[in-house]
Asks: 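Questions regarding the structure given below will be posed in turn.
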Amino acid sequence: MTPEAVPLGGPRFQTEPARLYREMRRDHGAVTPVVLDGDVPAWLVVGYRELHQVTGDPVLFSRDSDLWNQWDMIPDDWPLLPMIGRKQPSILYTVGERHRERAGMISDALEAVDPFELRGHAERFADELIDGLCTSGEADLIGQYAMLLPVRVLARLYGFSDEEGPGLVTALNDMIDGRERAIAGQTHLATSMAQLLADRKADPADDVVSRMLQDKSGFTDEEMMNDLMVMMAAGHQPTADWIGNSLRLMLTDDRFAASLFGGRNSVAEAMNEVLWEDTPSQNIAGRWASRDTQLGGRRIRAGDLLILGLQGANSDPQVRTDASALTGGNNAHFSFGHGEHRCPFPAQEVAEVIARTGIEVVLDRLPDIDLAVPADSLTRRPSPWLRGLTALPVRFTPVPAL
């Protein structure tokens with residue numbers, strides 16, 4: 001790896017990622033050498049065309065993590081193992097025809113979710129959460145709302161009881177933050193999923209897990225358990241951050257002020273702008289080169305890890321000639337990925353319904369909501385992977401619970 005490699009971590013991913021990605025592009029081009037925790041080398045793809053090339057060629061740039069040429073350097077307690085796993089029997093690391101069968105099983109199970117029922121669950125849980133804070137006149141919309149909503153809806157769709165939701169939230173957040181509690185969080189999630197699978201095998205119901213178990217493609221319990229963990233992690237945290245980042249935009253940007261007084265169109269506009277400018281999934285690991293190749297003027301060796309720089313590519317000036325222009329209606333961003341391993345469309349639709357319902361319930365129930373702190377004092381979680389607020393303190397006129 002080149003000596004000028006950029007650490008993939010540190011405060012600048014919290015405070016000024018847009019400038020950081022610009023500097024990477026200026027100093028290194030579309031493919032930037034980076035180092036992960038423990039000085040592990042990788043490449044960060046921040047060019048739009050280059051990312052399109054990587055995600056569009058699953059043979060040359062494989063999801064098979066066994067190809068990685070750094071496994072000898074990785075300790076058993078490496079905090080990024082939950083995100084970059086070895087021989088994980090999940091859809092994330094399956095390739096070829098088996099991956100297509102697996103994606104089909106998951107898509108079918110999610111496609112069968114009734115959209116009215118989904119919105120009903122989202123509204124009910126959102127109203128419950130607002131009931132818990134609406135009489136006080138102040139709240140943190142991240143810790144008391146956004147971080148609790150998606151996982152409760154997803155847990156209900158999968159077949160979990162409502163009581164199990166809070167423990168799943170904690171486990172997921174620990175796992176995704178990639179710090180000292182990451183592996184404990186992963187263990188809790190795995191145990192919960194295994195128990196749910198056993199329960200649904202004995203007593204099927206009308207839920208996602210029961211539908212997956214009906215699939216005749218011959219997937220093992222371990223494969224399904226891993227897929228459910230992936231779906232829960234990918235469905236919860238980015239959706240929670242989508243809610244938080246959209247509400248932040250609407251509360252701090254004059255262009256969206258009208259939406260706080262009933263203009264529904266601007267909710268969708270704000271959500272779309274966040275996917276371009278402030279996407280929850282900033283960087284995703286990853287792809288592995290199956291042979292020596294060239295990408296963006298860089299020599300990539302067989303087994304090198306390429307990290308998908310979704311936010312860097314979304315802001316690539318080669319495709320965003322007018323970076324200040326509103327992006328409403330343009331969905332050519334990378335926020336849901338691209339190619340064979342992109343987020344399945346039914347999963348994307350589920351996330352969109354949960355996020356939009358969550359935002360609309362806040363605006364309906366707390367119509368005079370306003371930021372309780374200066375906008376420039378809002379802080380982000382210390383993660384180069386997922387971008388979300390640590391807190392969103394607001395104030396409003398107290399209203400009675402429903």
Side-chain angles (χ1 to χ4, degrees), residues 55 58 63 89-126 149-160 162 165 168 172 189 192-193 196-197 199-201 203-221 223-240 242-243 268 271-272 275 280-281 284 331-358 360:
T55 51
R63 275 300 279 159
S90 83
I91 187 170
L92 283 184
Y93 298 98
T94 310
V95 296
E97 184 57 35
R98 197 60 173 157
H99 175 269
R100 285 185 282 278
E101 289 174 359
R102 242 168 139 158
M105 170 183 69
I106 290 170
S107 290
D108 290 347
L110 289 172
E111 191 120 47
V113 172
D114 182 302
F116 297 104
E117 194 179 318
L118 169 60
R119 185 170 174 94
H121 288 321
E123 280 181 348
R124 179 167 65 84
F125 288 127
L149 180 62
V151 73
R152 291 192 70 179
V153 182
L154 292 171
R156 166 51 63 91
L157 295 180
Y158 290 5
F160 283 109
D162 291 349
L168 293 168
L172 269 173
L189 199 59
S192 304
M193 291 300 179
L196 178 61
L197 271 170
D199 293 345
R200 283 296 169 263
K201 271 188 156 175
D203 184 20
D206 181 18
D207 55 40
V208 168
V209 170
S210 299
R211 288 192 287 274
M212 286 173 66
L213 284 166
Q214 289 165 12
D215 188 271
K216 300 299 183 226
S217 304
F219 296 103
T220 65
D221 285 3
E223 287 175 314
M224 289 199 188
M225 181 190 80
N226 277 278
D227 286 352
L228 286 163
M229 287 174 64
V230 166
M231 289 159 62
M232 183 74 92
H236 166 63
Q237 186 67 61
T239 308
W242 197 5
I243 294 170
M271 288 172 64
N272 187 261
L275 293 180
S281 299
I284 300 289
N331 294 313
H333 53 71
F334 274 107
S335 293
F336 292 105
H338 168 70
E340 196 172 280
H341 287 270
R342 67 159 284 140
C343 174
F345 284 106
Q348 181 180 327
E349 286 167 353
V350 167
E352 210 161 316
V353 169
I354 295 172
R356 182 163 182 160
T357 304
E360 288 176 350

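Because the structure is a prediction, the values reported are computed rather than measured.
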Asks: Are any of the side-chain heavy atoms of His121 and Arg124 separated by less than 4.5 Å?
Replies: yes
Asks: Has the side chain of Arg102 got a donor or acceptor atom that lies under 3.5 Å from a matching backbone atom of Glu223?
Replies: yes
Asks: Could you give the distance from CE (Met193) to CG (Leu228), rounded to the nearest 0.5 Å?
Replies: 5.5 Å
Asks: How long is the straight-line distance from CZ of Arg63 back to OG1 of Thr55, given to the nearest 0.5 Å?
Replies: 11.5 Å
Asks: What pair of heavy atoms forms the shortest contact from Pro280 to Trp242, and how long is it?
Replies: CG-N, 3.6 Å
Asks: With rounding to the nearest 0.5 angstrom, report the CD to OG1 distance, Gln348 to Thr239.
Replies: 10.5 Å
Asks: Could you tell me the separation between the CE atom of Met225 and the CG atom of Leu196, rounded to the nearest 0.5 Å?
Replies: 12.0 Å
Asks: Please tabulate, for the side chains in residues 149-158, all donor-acceptor contacts under 3.5 angstrom to protein atoms that are two or more places apart in sequence or on a different chain.
Replies:
| residue | atom | partner | partner atom | Å |
| --- | --- | --- | --- | --- |
| Arg152 | NH2 | Glu128 | OE1 | 3.2 |
| Arg156 | NH2 | Asp162 | OD1 | 3.0 |
| Arg156 | NH2 | Asp162 | OD2 | 3.1 |

Asks: Heavy atoms only: give me the nearest Ala233-Pro238 pair and the separation to one decimal.
Replies: O-CD, 3.4 Å
Asks: Please examine the side chains of Met224 and Leu213, heavy atoms only from C-beta on, and report whether any two atoms are closer than 4.5 Å.
Replies: yes
Asks: To the nearest 0.5 Å, how far apart are CG in Asp227 and CE in Met232?
Replies: 13.5 Å
Asks: Hey, are the side chains of Phe219 and Arg98 touching, using non-hydrogen atoms and a 4.5 Å cut-off?
Replies: yes
Asks: If you measure from OG on Ser210 to CG on Asp199, what distance do you get to the nearest 0.5 Å?
Replies: 10.0 Å
Asks: Name the atoms and distances for all side-chain donor-acceptor pairs under 3.5 Å in residues 103-114, with sequence neighbours left out.
Replies:
| residue | atom | partner | partner atom | Å |
| --- | --- | --- | --- | --- |
| Ser107 | OG | Ala103 | O | 3.0 |
| Asp114 | OD1 | Phe116 | N | 2.7 |
| Asp114 | OD1 | Glu117 | N | 3.0 |

Asks: Search all heavy atoms of Ser281 against all heavy atoms of Ser335 and return the closest pair with its distance.
Replies: CB-O, 4.5 Å
Asks: Sequence neighbours left out, what passes side-chain contact (heavy atoms from CB on, under 4.5 Å) with Ser192? Give chain and number order.
Replies: Phe160, Leu168, His188
Asks: Is the shortest heavy-atom distance from the side chain of Leu275 to the side chain of Met271 under 4.5 Å?
Replies: no
